2 protein chains.
Amino acid sequence: MKRHQVTIIDIARKLNISKSTVSRALTGHPSVRPETRQSVMDLAESMDYQRNMLAINLSSSQSKTIGIIVPEFVTSFFPIVIMGAQEIAAEAGYSVLICQSNETYETEVVNARVMLANRVDGVLISMTRETKNFAHFEIFKRKGIPMVFFNRVCHEIEAPKVVVDDYEGAFKATEHLIFSGKERIAHLAGPPSLYISRKRLEGYKDALRKHKRPIIDELIISYDLNLENVKIYIKYLLDLPQPPDALFAVNDPTAIEALKVIREHGLKIPEQIAVVGFSNDYGSALIEPGLTTVAQPTRDIGRVSAQLLLDQINTDSSFWKPITRVLKTELIIRGSSQRG
Amino acid sequence: MKRHQVTIIDIARKLNISKSTVSRALTGHPSVRPETRQSVMDLAESMDYQRNMLAINLSSSQSKTIGIIVPEFVTSFFPIVIMGAQEIAAEAGYSVLICQSNETYETEVVNARVMLANRVDGVLISMTRETKNFAHFEIFKRKGIPMVFFNRVCHEIEAPKVVVDDYEGAFKATEHLIFSGKERIAHLAGPPSLYISRKRLEGYKDALRKHKRPIIDELIISYDLNLENVKIYIKYLLDLPQPPDALFAVNDPTAIEALKVIREHGLKIPEQIAVVGFSNDYGSALIEPGLTTVAQPTRDIGRVSAQLLLDQINTDSSFWKPITRVLKTELIIRGSSQRG
DNA sequence: ATAATTTCTGGGAACGCTCCCATGAAATGG
DNA sequence: CCATTTCATGGGAGCGTTCCCAGAAATTAT
């Protein structure tokens with residue numbers, strides 16, 4: 001077959017006009033005679049012409065692509081966020097370049113370089129758990145490439161952020177357990193290095209304080225989100241002289257794992273111990289009993305982040321504002337905390 | 001800030017050498033003096049130089065990108081496939097451009113144009129349910145861009161395909177129900193337009209035949225995969241004069257929905273009616289009782305497809321072979337079909 | 001009719017890189 | 001000591017666009 005790609009020059013030659021005119025006709029520039037435009041369009045169509053984004057990108061030195069760096073793909077959370085972002089990006093004619101950092105700092109640095117090399121017009125970032133150094137993100141700033149952080153945000157860098165109201169969500173969840181008559185509410189928290197862990201912990205504590213409940217340190221466990229270990233923590237909690245009668249877990253996978261372990265221990269849920277999670281993952285509705293959880297508008301996180309990013313891309317950098325958008329959560333009550 | 005991107009010319013000027021030499025030094029060309037290379041590398045590093053893929057792509061007229069067109073993102077299936085593909089692609093230095101067709105033919109056609117415009121080096125495709133016309137795929141063929149179909153494959157086009165053994169999976173699932181002593185096994189099938197639906201139906205029928213069971217037409221329902229309707233079909237089945245004592249559903253979402261509806265009807269699972277799904281979605285292990293299902297090596301589908309595509313990319317098109325890779329399934333037995 | 005404006009088109013630089021070809025210097029051989 | 005080969009480098013075309021700047025042609029104003 002012919003390997004030659006058809007270009008605007010081919011069209012120009014056949015029509016005996018200049019490539020400039022062809023370019024103008026194709027891009028919809030006003031100053032081109034309607035008949036000329038039509039003949040160009042027709043010929044392009046019949047020649048199977050496809051504009052070469054590679055050339056356009058180079059010429060315009062922008063890629064019409066936004067990059068997304070996420071830590072993982074194993075839970076449904078990030079794919080859904082990406083979906084949301086992709087929707088908005090696609091509407092605006094942008095492609096999406098996705099990189100996973102696999103929760104490791106080194107990969108994240110490499111990913112950042114990939115983004116740079118591909119001249120993305122902006123980046124959406126959710127950091128790894130272990131990222132403590134932000135030089136790889138500062139480069140974006142230096143090069144004038146807008147960033148938006150979401151979910152796992154970076155407070156050391158001035159950039160828009162999109163988060164859900166972790167504090168309020170945790171507060172509502174804990175309050176719900178208090179209202180259900182629970183007295184000893186344990187909290188299986190995430191690592192303190194994660195902002196969301198701290199916020200959820202704070203919401204948990206404040207809810208207890210508001211309702212004049214003691215904050216019992218032995219009922220608060222901070223762990224590294226490695227699900228393997230949940231079993232150990234739950235066993236520890238249940239074996240306490242005064243075991244908890246409720247558990248608020250930092251996220252749904254943790255809560256679901258806890259649910260299973262508790263079931264194995266033969267305790268009645270929610271009577272003997274109620275469980276509440278956070279994020280309303282797919283699966284939380286399926287498990288028996290259904291998991292009470294704090295739903296976050298996952299898809300919206302992606303949509304809002306992408307929109308914020310596009311806004312920055314289309315604005316002079318001197319007008320950029322590091323606003324933080326806090327999305328509301330919703331408490332979804334199921335069988336793990338309330339007999340229906 | 002300075003908006004100017006650092007280029008090889010900047011480096012060349014500072015070092016008083018030509019851009020050719022800089023280019024060679026940076027790309028690891030052998031014929032460049034070690035000291036020269038080192039000084040180039042050092043300066044590049046200190047100047048925050050990033051190679052411009054846009055220019056490289058144009059110059060080499062290949063994008064080092066593979067495209068993936070998938071119908072949807074709502075189940076975890078495609079994200080996982082994409083993950084697998086991305087892994088392999090990344091290893092080989094390729095980026096991934098993802099498009100969703102939202103199960104609509106028109107969007108799929110647009111997606112194909114996007115791929116073409118972005119000069120992807122190859123495409124991974126899983127078609128929409130409604131794709132009947134394949135002209136948009138033929139273009140890839142004409143342009144010499146390799147394709148690999150996966151999951152929802154296209155038999156009208158000669159290209160490598162990656163599928164799981166739907167027939168065998170369905171066969172094993174049905175046989176398992178027969179071995180469990182079930183006599184009237186219903187099948188909630190997918191639309192006949194989908195190859196996988198037909199294959200699974202075939203496996204189901206052949207298993208019945210092998211074990212000399214009658215194929216009862218009223219127990220076979222083909223539906224459009226719109227979960228809303230599952231309730232109706234289940235009710236129909238349960239209200240039959242001779243209701244089924246087992247159900248083999250075309251996929252897990254269907255089976256899970258069925259499970260819920262059956263539970264509402266107050267029937268005992270698996271004693272009164274056993275349920276088996278297909279695909280081992282996330283969630284199938286969580287639901288109570290656990291769903292017996294045919295697991296497909298989802299991530300491997302992505303990995304194998306991507307590998308096949310890369311093989312084609314690196315091979316002269318005259319050597320391309322339209323091989324079909326059939327990946328094995330595994331029956332996972334849980335509580336929905338067997339008292340454990 | 002001539003001047004001033006508007007409309008349309010062509011030419012060519014620029015985007016940043018790769019890669020072929022040429023060239024001069026150093027190294028090798030007879 | 002000169003011819004030949006090797007090595008390191010420079011020069012420049014090419015990738016396919018866009019977009020600015022000139023002109024030519026057509027239109028309007030004077």
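Please read these numbers as outputs of a predicted model, since none were measured by experiment. By convention in this document, chain letters (A, B, ...) are assigned in the order of the sequence lines, proteins followed by strands, and residues within each chain are numbered from 1.
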Need to verify one output field. Residue with the more 5' nearest nucleotide on DNA chain D, Pro30(B) or Arg119(B)?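 Of the two residues, Pro30(B) wins.
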
On DNA chain D, check which nucleotide each of Ser20(B) and Arg51(A) is closest to and give me the residue with the more 5' one.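 Looking at DNA chain D, the more 5' nearest nucleotide goes with Ser20(B).
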
Is the closest side-chain donor-acceptor distance between Ser20(A) and Ser23(A) under 3.5 Å?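 Checked: Ser20(A)/Ser23(A) side chains show no N/O donor-acceptor pair below 3.5 Å.
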
Do Gln5(A) and Ser61(B) get their side chains close enough for a donor-acceptor pair, meaning under 3.5 Å?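 No, no side-chain donor-acceptor contact under 3.5 Å.
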
Rounding to a whole Å, what distance do you find between [X]:[atom1] and [N]:[atom2]?
X	N	atom1	atom2	answer
Gln62(B)	dT18(C)	CD	P	12 Å
Leu116(B)	dG16(D)	CG	P	14 Å
Leu54(A)	dT18(D)	CG	C1'	15 Å
Lys64(A)	dT17(D)	NZ	P	17 Å
Gln5(A)	dG16(D)	CD	C1'	11 Å
His29(B)	dC21(C)	NE2	C1'	13 Å
Ile11(A)	dG16(D)	CD1	P	13 Å
Leu26(B)	dT18(C)	CG	P	8 Å

Side-chain N,O ([X]) to OP1/OP2 ([N]) below 4.0 Å:
X	N	answer
Arg33(B)	dT9(D)	yes
Ser23(A)	dC19(D)	no
Ser60(B)	dC15(D)	no
Ser18(A)	dG10(C)	yes
Thr21(B)	dG10(D)	yes

Take the angle between the ring planes of His155(B) and Tyr195(B) and call it parallel below 30°, perpendicular above 60°, tilted in between.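 If you compare the ring of His155(B) with that of Tyr195(B), the planes turn out tilted.
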
Got a salt bridge between Arg152(A) and Glu103(A), using NZ or NE/NH1/NH2 to carboxylate O under 4.0 Å?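 Yes, charged N to carboxylate O under 4.0 Å.
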
Record whether the side chain of Lys19(B) comes under 3.5 Å of the base of dT18(C) through a donor-acceptor pair of N or O atoms.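 Indeed, a donor on one side and an acceptor on the other fall under 3.5 Å apart.
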
Short side-chain to backbone donor-acceptor contact, Trp320(A) and Ala159(A), under 3.5 Å: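 No; judged by distance alone, with no hydrogens or angles, the pair does not exist.
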
Which part of the nucleic acid does [X] contact within heavy-atom distance under 4.0 Å: base, sugar-phosphate only, or nothing?
X	answer
Asp10(B)	nothing
Ile56(B)	sugar-phosphate
Ser61(B)	nothing
Ile17(A)	sugar-phosphate

What nucleotide, of dT9(C), dG16(D), dC17(C), holds the atom closest to the side chain of Ser59(A)?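 So the nucleotide nearest the side chain must be dG16(D).
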
Applying the side chain to side chain donor-acceptor pair (under 3.5 Å) test to Glu108(A), which of Asn102(A), Thr131(A), Asn133(A) qualifies?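 Checked Asn102(A), Thr131(A), Asn133(A) against Glu108(A); only one passes side chain to side chain donor-acceptor pair (under 3.5 Å): Thr131(A).
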
